[in-house]
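Okay, structure first, notes after.
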Amino acid sequence: MDSHQLIVCRCEEVTLADLLETAQAYQCTGRELKLRTRAGMGCCGGRTCRTLLDQIIVQTTGQVPSHTVPLGYQPPVRPISFTTLGGR
Amino acid sequence: MSQRILHHPVLGSLNQRKTLHFTFNESSYTAYEGETIAAALLASGVRTLRVHEEKGTPRGIYCNIGHCYECRVSVNGVPTVRACMTLVQDGMEVTAGTVLPTPLKKGDVAHG
Amino acid sequence: MDDVLVIGAGPAGLSAAIACAKHGLSVRVVDEFYRSGGRLLGQLHQEPDGSWWNGIDEAARLDQEARSAGVEISAGVSVYNVNRIDNGWEVSTTAGEFHAPMLLLATGASETAVPVPGWTLPGSMSIGAAQVMTNVQRVRVGQRGVVIGVNILSVAIARELQLAGVKVDRMILPPSSAVTGHAGNPEAVMRSLLRVAHLAPSPFIRWGSQLMKSHWMQRLGVSLYPAKGFSMWDIPIQLRTGALEIVGSRQVEGVRVARITPDGQTIPGTEEVIPADFVCIAGGLSPLAELAAIAGCPFAYVPSLGGHVPIHDEKMRTPLPGLFVAGNITGIESAKVAMAQGSLAGLSIASTHGVLSDQSLIQQAIHQVEYVRQKATIQFHPEISSGRAIISQMATECMGI
């Protein structure tokens with residue numbers, strides 16, 4: 001298997017090749033990488049691949065990790081049903 | 001050989017546990033009280049708990065502590081239940097996720 | 001309404017709850033696992049004196065002590081949002097909304113993923129998954145497995161698998177890629193193992209410590225590293241073998257491996273497939289701090305603590321009023337440190353609430369954390385103390401104290 005076909009985001013099946021190409025082409029932030037590829041936007045909320053996306057950004061754009069969390073978090077941090085939210 | 005570790009050199013032996021029955025994709029399985037759905041199925045040799053909703057690739061437990069959601073199944077009709085976090089109850093009906101239609105996916109041509 | 005809400009019923013959360021309850025506060029602990037204990041559940045290691053440290057027993061002891069002190073423990077409850085409100089915090093969970101003036105986040109850590117081609121195949125799991133399945137659920141994860149990723153955590157868990165009669169065929173490195181960092185580099189792996197050498201008494205480390213005094217010796221050590229690896233508890237640790245791909249049609253059937261150079265490059269012509277029905281992937285741990293982020297807590301990036309951690313002072317207070325942290329959310333350390341931090345956070349909460357009559361208890365608890373840290377037999381990073389100092393400095397700047 002070509003190592004670039006390696007899946008990084010398991011939820012959305014986004015490959016390392018997709019991520020590297022996108023990060024290189026757009027020299028973007030982690031957030032933009034996520035929005036362009038859907039990596040980190042699946043059912044797990046990015047808990048599994050978030051640190052990997054951070055590494056890809058550091059390596060392709062040279063952006064040094066800062067004290068700010070690179071990929072923001074939004075509630076809900078768990079997938080929940082509309083019933084839980086008060087719906088029926 | 002049973003996949004259950006009934007005797008452990010440090011953790012000791014598991015005593016008589018209550019037997020429970022449940023179904024996974026309409027087949028019957030046995031569990032012991034205190035086992036998660038993922039554990040009971042693994043003990044019966046079942047590793048695949050769902051397929052990727054789009055690509056159809058098989059998935060099983062990955063983190064086993066509720067972080068990754070790879071093991072999500074439907075339990076008694078309720079979707080997105082983590083098999084690794086949910087204890088088997090007698091009579092539970094568990095079903096695996098299947099491939100879902102994605103008609104609006106970028107690049108796809110609508111058929112029909 | 002409770003006085004204190006604790007999220008996470010692991011070593012830190014339970015210890016904090018006990019300290020709060022003993023000072024007369026009403027405490028509720030929520031945890032999304034079906035039983036309390038957090039990552040204590042499954043931990044099993046031998047102390048230098050030969051006795052076994054069993055995390056399940058420790059969890060049961062803390063759970064019992066907490067309940068006797070009047071703590072309400074709600075297991076199987078997931079938190080999905082945290083909001084600051086007047087005079088406290090609103091926490092949204094799958095069991096409804098909870099409100100409390102004081103909130104402690106003790107959510108622990110998550111495992112760092114190391115992607116390997118084929119890692120989505122059923123039978124491929126994180127090393128922690130195998131630990132819980134083996135020691136808590138008491139089900140074998142397979143007949144014969146390969147551990148990909150060699151670090152202090154994976155070596156400890158591989159031994160636990162072996163102890164339970166699960167065959168670990170060998171431990172090897174992940175493939176070198178843009179997302180594996182140093183984990184695929186034999187020299188770097190050797191260095192990181194040796195930095196904790198004095199803390200982990202074992203045949204492998206003892207061999208290593210003698211050989212690896214200097215940098216060029218380290219290079220030599222990896223260069224001369226035997227293909228079969230060195231065995232620790234009968235598990236071959238092969239630092240010069242790298243995983244190329246996990247193979248199988250519908251589930252794991254084996255791992256395609258190759259010999260690798262000291263800097264992690266595949267040596268052509270050395271490929272082979274090792275049969276296996278399970279694979280454990282080990283990339284270490286990172287603080288699980290998502291609730292601190294949505295609560296609005298500022299963060300610090302400190303690699304020796306495992307990445308981004310919420311800023312907190314030595315009393316485990318964050319800059320946000322009524323928000324406290326303890327345990328691995330503040331940096332990756334052993335469960336014993338987490339317990340000491342939890343007890344400290346509990347006292348700090350009691351003090352903030354105005355129910356702690358003896359303030360010297362806090363100083364004692366701070367010293368206790370430091371004492372346990374220095375004495376720890378399992379330390380994930382050698383520069384923990386300097387990482388802690390950075391956080392304290394940032395807290396001082398942030399909180400004006």
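Keep in mind that what you see is a predicted model, and the values were worked out from it rather than measured. Hydrogens, waters and symmetry mates are skipped; everything else that's a heavy atom, side chains included, is used.
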Could you tell me whether a side-chain N or O of Arg138(C) sits under 3.5 Å from a main-chain N or O of Ile5(B), the two making a donor and an acceptor? yes

Counting only heavy atoms closer than 4.5 Å, note whether [X] contacts chain C via side chain, backbone, both or neither.
| X | result |
| --- | --- |
| Leu87(B) | side chain |
| Leu49(B) | neither |
| Cys68(B) | neither |
| His7(B) | backbone |
| His8(B) | both |
| Val51(B) | side chain |
| Thr36(B) | both |

Quick one: of [options], who has the most non-hydrogen atom pairs under 4.5 Å with chain B?
| options | result |
| --- | --- |
| Ala129(C), Gly123(C), Ser78(C), Gly128(C) | Ala129(C) |
| Val141(C), Ile281(C), Val139(C), Leu288(C) | Val139(C) |
| Val136(C), Thr120(C), Val132(C) | Thr120(C) |
| Gln131(C), Gln251(C), Arg35(C) | Gln251(C) |

For [X], run the side chain to side chain contact (heavy atoms under 4.5 Å, CB included) check against [options] and tell me which one passes.
| X | options | value |
| --- | --- | --- |
| Thr93(C) | Ile7(C), Val77(C), Val82(C), Asn81(C) | Val77(C) |
| Ser286(C) | Asn328(C), Thr112(C), Ile332(C), Val309(C) | Thr112(C) |
| Cys71(B) | Ile37(B), Leu41(B), Asn64(B), Ile61(B) | Ile61(B) |

Could you tell me which of [options] has the largest number of non-hydrogen atom pairs under 4.5 Å with chain C?
| options | result |
| --- | --- |
| His67(B), Glu35(B), Arg59(B), Glu70(B) | Arg59(B) |
| Gly45(B), Pro9(B), Gly60(B), Cys63(B) | Cys63(B) |
| Leu6(B), Thr48(B), Leu11(B) | Leu11(B) |

Would you say that [X] contacts [Y] through its side chain, given a criterion of any heavy-atom pair below 4.5 Å between the two side chains?
| X | Y | value |
| --- | --- | --- |
| Thr86(B) | Val73(B) | no |
| Ile294(C) | Tyr80(C) | no |
| Arg47(B) | Phe278(C) | yes |

Apply side-chain hydrogen bond (donor to acceptor under 3.5 Å, both in side chains) to residues Asn135(C) and Glu160(C) and explain how you reach the verdict. CA-CA 8 Å; Asn135(C) 292 344; Glu160(C) 294 173 17; 2.9 Å; yes

Is Asp63(C) salt-bridged to Arg67(C), going by a charged N under 4.0 Å from an acidic O? yes

(request) For the pair Arg72(B) and Glu53(B), find out whether any cationic side-chain nitrogen is under 4.0 Å from an anionic carboxylate oxygen. (result) yes

Between [X] and chain B, which part of the residue has a heavy atom less than 4.5 Å away: side chain, backbone, both or neither?
| X | answer |
| --- | --- |
| Ala130(C) | neither |
| Asp277(C) | both |
| Ile127(C) | neither |

Ring-plane angle category for Tyr62(B) and Trp119(C), please: parallel below 30°, perpendicular beyond 60°, tilted otherwise.
perpendicular

